[in-house]
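Bear in mind the structure is a predicted one, so any value in this text is a computation, not a measurement. A note on names: the letters A, B, ... follow the listed sequences, proteins ahead of strands, and every chain is numbered from 1.
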There are 2 protein chains.
Amino acid sequence: MVSSSGTESRRVTIHDVARSAGVSRQTVSRALNDKDEIDGATKQRVLDAARELGYRPSRFARGLVRQDTTTIGLVIPDLLNPFFTEVAAAALEAARARGWHVVVYDTADRAEEEFGTLQVIASQVDAVVGYFSCSEQDLERFTRGLPVVLIGREHHTGRFSSIRIDGEEGVHTAVAHLVAAGHRHIGMLDHDGRAEPSVRREWFATAAAAHGIAADRVVGAPQSADGGGTALRKLLGTHPEVTAVFTFNDIIAIGALREARRLGRSVPEDLAVVGFDGLQLGTLVEPPLSSVALDTRRLGALAIDQVARLLTGLEPLGADDLVVRAQLRLGGSA
Amino acid sequence: MVSSSGTESRRVTIHDVARSAGVSRQTVSRALNDKDEIDGATKQRVLDAARELGYRPSRFARGLVRQDTTTIGLVIPDLLNPFFTEVAAAALEAARARGWHVVVYDTADRAEEEFGTLQVIASQVDAVVGYFSCSEQDLERFTRGLPVVLIGREHHTGRFSSIRIDGEEGVHTAVAHLVAAGHRHIGMLDHDGRAEPSVRREWFATAAAAHGIAADRVVGAPQSADGGGTALRKLLGTHPEVTAVFTFNDIIAIGALREARRLGRSVPEDLAVVGFDGLQLGTLVEPPLSSVALDTRRLGALAIDQVARLLTGLEPLGADDLVVRAQLRLGGSA
DNA sequence: TTGAAAGCGCTACCAC
DNA sequence: GTGGTAGCGCTTTCAA
């Protein structure tokens with residue numbers, strides 16, 4: 001924090017204003033905080049002096065004595081990914097409704113950034129919300145006693161809260177929809193991020209099994225539209241019999257949609273596509289994307305709500321309430 | 001700010017830790033801040049006590065004495081609008097590089113929200129960056145002496161800095177491109193937000209005039225894809241001779257693209273479309289959007305750079321450097 | 001209506 | 001290596 005006036009410039013304090021206005025510091029405080037136990041003329045004189053000197057109260061000093069501002073740290077892997085943007089927007093809105101401030105951190109999808117972010121954040125906020133890929137142990141190491149709410153990730157120690165994303169039923173419905181439309185050979189474009197297959201793929205496998213169809217036509221894709229396109233081509237190369245695909249998320253699905261068009265496959269006739277997330281973005285493409293949709297607003301709001309409980313010592317929500325269920329939303333791509 | 005442990009719970013201070021570890025407060029401080037003038041065993045004992053008690057330093061007390069954390073307030077009209085998201089992401093990145101914190105505020109595109117936001121923000125940050133629709137007078141009233149950098153808006157008092165967006169040349173190139181492709185009847189889908197026509201429309205008019213074509217086929221559109229679609233239909237209804245459109249921004253252009261497809265007009269053969277902004281989103285649609293593109297990364301970085309100068313008393317950048325020029329980027333839609 | 005004093009929680013600077 | 005003291009800039013008693 002540095003003063004803005006050009007040269008040298010010590011910070012202008014309440015003391016300077018007091019001296020300049022010929023009153024005491026507490027009178028300055030009264031004038032600035034709109035207390036009524038002050039003479040109108042005095043108040044005006046103080047206000048003028050303050051403006052004159054370019055005085056601005058120190059948020060630290062004020063925070064120290066008033067202990068009433070709450071700041072949440074929101075950690076997002078990638079703000080350019082529309083899904084996270086939607087969650088962030090929802091969280092911001094929920095926080096604003098409570099008069100809270102939200103400091104946003106974008107870890108740029110790099111796990112290494114997380115530690116730095118955590119370190120820097122932990123000393124500056126009252127609670128942390130967001131996505132982390134590091135271990136709970138590391139998380140604990142950096143956040144000490146801070147309330148932490150994880151999104152889209154299970155927690156295994158009692159130390160944390162987490163908002164669970166449950167797409168089992170939604171994916172089941174999606175597969176049922178595809179099967180009802182006559183599809184028997186359904187592929188999946190999974191993400192290729194981690195070593196182990198995604199939970200979404202497990203949901204897909206379960207749903208496929210329930211309908212007596214195979215779930216082994218899976219290709220990994222980077223979480224981008226280009227990645228989705230490439231993956232689709234690879235999938236169709238290996239499994240030309242495929243007439244429908246379910247994807248890890250909407251970004252990948254949109255890439256697949258585009259690729260299908262390039263391959264001369266019309267959607268949904270020649271190839272049905274179902275995404276996951278239910279992004280607003282999905283409504284912009286043609287045909288609009290069918291997707292197993294998540295209520296991102298609820299997701300963000302729920303996280304903030306849980307933080308509020310943690311912060312005020314209210315009874316926190318239990319695991320059963322900390323769930324966002326996905327639902328199939330039909331666009332036209334399937 | 002409230003303690004997180006359930007009942008009653010006064011804040012755990014450095015004093016408590018000191019007493020519990022049987023040392024003085026400054027020794028605790030040393031242990032926690034990793035100073036080397038401390039005995040290893042003592043340090044461990046202090047750390048243990050701190051963990052035991054769930055101690056977390058007060059950021060206000062620390063900030064008060066160390067005066068070294070910088071926090072920027074970033075005000076965005078709508079985080080769900082990809083353009084602002086890109087700018088925000090760029091600003092976050094630039095700020096992170098400096099070790100600054102960024103508090104993000106979304107005014108939800110409502111002018112009324114601005115005052116509240118400004119009030120709340122002004123006392124919590126060291127500088128403000130972003131989009132505002134209120135008067136400079138109001139801006140000054142709330143921000144007092146705070147450094148303020150406006151984006152995409154001219155300032156008229158010396159009080160503020162602003163990053164200017166210059167699309168004149170880019171739009172000229174775009175119109176030239178359309179004309180070279182044989183288009184003589186070019187319409188525009190402007191935004192319908194304000195009373196007066198947009199600057200982008202003026203650029204369009206200037207460019208059209210330079211090529212000796214009319215620029216009076218203009219329809220207003222809400223800043224959404226649906227809005228763009230509706231506006232295109234209206235435009236083609238009134239001016240069926242139109243074979244190309246320039247739009248206020250990419251969102252509107254994408255809506256127009258979609259509508260064109262629904263109307264059975266193939267793009268770019270039957271209708272050429274050129275947007276403005278150059279969003280990544282434009283590459284996801286088919287055909288990829290041609291757009292007068294802005295370097296949003298540079299925009300965000302420039303804003304943060306100027307804040308840095310203002311904050312440190314360095315010579316601020318002048319108007320000539322605070323410009324982001326738009327350039328035509330061809331996709332396939334024109 | 002105003003001012004003096006105390007103290008929020010922490011770190012820096014000096015003694016020891 | 002450790003502790004005492006002072007003070008960061010502000011608000012909140014309490015007296016005048």
Side-chain angles (χ1 to χ4, degrees), chain A residues 1-3 9-47 49-50 53-71 122-126 144-145, chain B residues 1-3 9-47 49-50 53-71 122-126 144-145:
Chain A
M1 203 175 48
V2 188
S3 169
S9 70
R10 217 178 35 75
R11 183 188 178 92
V12 179
T13 76
I14 198 172
H15 191 80
D16 302 315
V17 179
R19 205 174 30 197
S20 163
V23 297
S24 71
R25 296 177 310 176
Q26 13 326 331
T27 300
V28 175
S29 178
R30 283 185 192 107
L32 262 56
N33 292 301
D34 244 359
K35 305 278 184 190
D36 39 358
E37 336 139 288
I38 186 176
D39 181 81
T42 315
K43 181 170 176 178
Q44 195 51 53
R45 192 152 39 91
V46 171
L47 259 27
L53 296 173
Y55 167 73
R56 292 194 322 104
S58 148
R59 67 168 175 283
F60 296 112
R62 187 174 267 178
L64 189 53
V65 47
R66 291 222 303 228
Q67 322 227 128
D68 59 354
T69 42
T70 299
T71 302
S123 63
Q124 293 296 328
V125 301
D126 301 304
R144 285 289 167 81
Chain B
M1 203 174 52
V2 188
S3 169
S9 69
R10 214 177 37 74
R11 183 186 178 95
V12 180
T13 76
I14 199 172
H15 190 82
D16 302 316
V17 179
R19 204 172 33 196
S20 165
V23 296
S24 71
R25 295 177 308 171
Q26 20 317 337
T27 299
V28 175
S29 178
R30 283 185 191 106
L32 261 55
N33 293 302
D34 244 357
K35 306 277 185 190
D36 36 358
E37 340 144 278
I38 185 176
D39 181 80
T42 316
K43 181 171 176 178
Q44 195 51 53
R45 191 151 40 91
V46 171
L47 259 26
L53 296 173
Y55 167 73
R56 292 196 321 107
S58 150
R59 69 168 173 282
F60 295 112
R62 187 173 270 177
L64 190 53
V65 47
R66 290 221 305 227
Q67 321 225 130
D68 61 353
T69 43
T70 298
T71 303
S123 63
Q124 294 296 328
V125 301
D126 301 304
R144 282 290 167 82

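- Nearest-nucleotide mapping onto DNA chain D: of A/Thr13 and B/Arg45, the residue sitting toward the 5' end is B/Arg45.
- The interatomic distance linking B/Gln26 (CD) with C/dC14 (C1') rounds to 11 Å, in whole Å.
- Nucleotide D/dG9 holds its P atom 11 Å from the CD1 atom of A/Ile14, rounded to whole Å.
- Here the options are A/Val17, A/Thr13, A/Leu47, the test is side-chain contact (heavy atoms from CB on, under 4.5 Å), and the partner is A/Val28; only A/Val17 passes.
- The nearest heavy atom of DNA chain D to B/Val65 and to B/Ser24 marks one nucleotide each, and the one closer to the 5' end goes with B/Ser24.
- In this structure, B/Glu37 atom CD and C/dC16 atom P are separated by 18 Å, rounded to whole Å.
- A/Arg25 has its CZ atom 14 Å from the C1' atom of C/dT2, to the nearest Å.
- For B/Asp126 and D/dG9, the CG to P distance is 14 Å, given to the nearest whole Å.
- Each of D/dT2, C/dC8, D/dG9 was ranked by its minimum atom distance to the side chain of A/Ala61; first place goes to D/dG9.
- Across all strands shown, A/Lys43 has no heavy atoms under 4.0 Å from either base or sugar-phosphate atoms.
- Using a 4.0 Å heavy-atom criterion, one finds that B/Ile38 contacts the sugar-phosphate atoms exclusively.
- A/Asp34 and A/Lys43 are joined by a salt bridge, as a carboxylate oxygen and a charged side-chain nitrogen come within less than 4.0 angstrom of each other.
- Regarding A/Asp68, its CG atom lies at a distance of 9 Å from the P atom of D/dT12, rounded to whole Å.
- As rounded to whole Å, 18 Å separates atom P of C/dG9 from atom CZ of B/Arg66.
- Put simply, B/Thr42 has a side-chain N or O that comes within less than 4.0 Å of OP1 or OP2 on D/dT2.
- Side-chain proximity of A/Ser58 to the nucleotides C/dG3, C/dC8, D/dG9 is greatest for D/dG9.
- A salt bridge is absent between B/Asp16 and B/Arg11: the closest approach of a Lys/Arg side-chain nitrogen to an acidic carboxylate oxygen does not fall below 4.0 angstrom.
- A donor-acceptor pair is defined here as one N or O able to donate and one able to accept, closer than 3.5 Å; such a pair exists between the side chain of B/Asp39 and the backbone of B/Ala41.
- A salt bridge does not link B/Arg30 with B/Asp36: every distance from a Lys NZ or Arg NE/NH1/NH2 to an Asp or Glu carboxylate oxygen is 4.0 Å or more.
- Atom NZ in A/Lys35 sits roughly 8 Å away from atom C1' in D/dT12 (whole-Å rounding).
- OP1 or OP2 of D/dT11 has at least one side-chain nitrogen or oxygen of A/Ser29 nearer than 4.0 Å.
- Of the two residues contacting DNA chain C, namely B/Leu32 and A/Asp36, the nearest-nucleotide position lying further toward the 5' end is that of A/Asp36.
- In this structure, A/Thr27 reaches the C/dG3 phosphate: one of its side-chain N or O atoms is under 4.0 Å from OP1 or OP2.
- Remark: B/Arg62 is in phosphate contact with C/dT11, judged by side-chain N or O atoms under 4.0 Å from OP1 or OP2.
- Looking at A/Arg56, its side chain has no donor and acceptor atom pair within 3.5 Å of the base of D/dG9.
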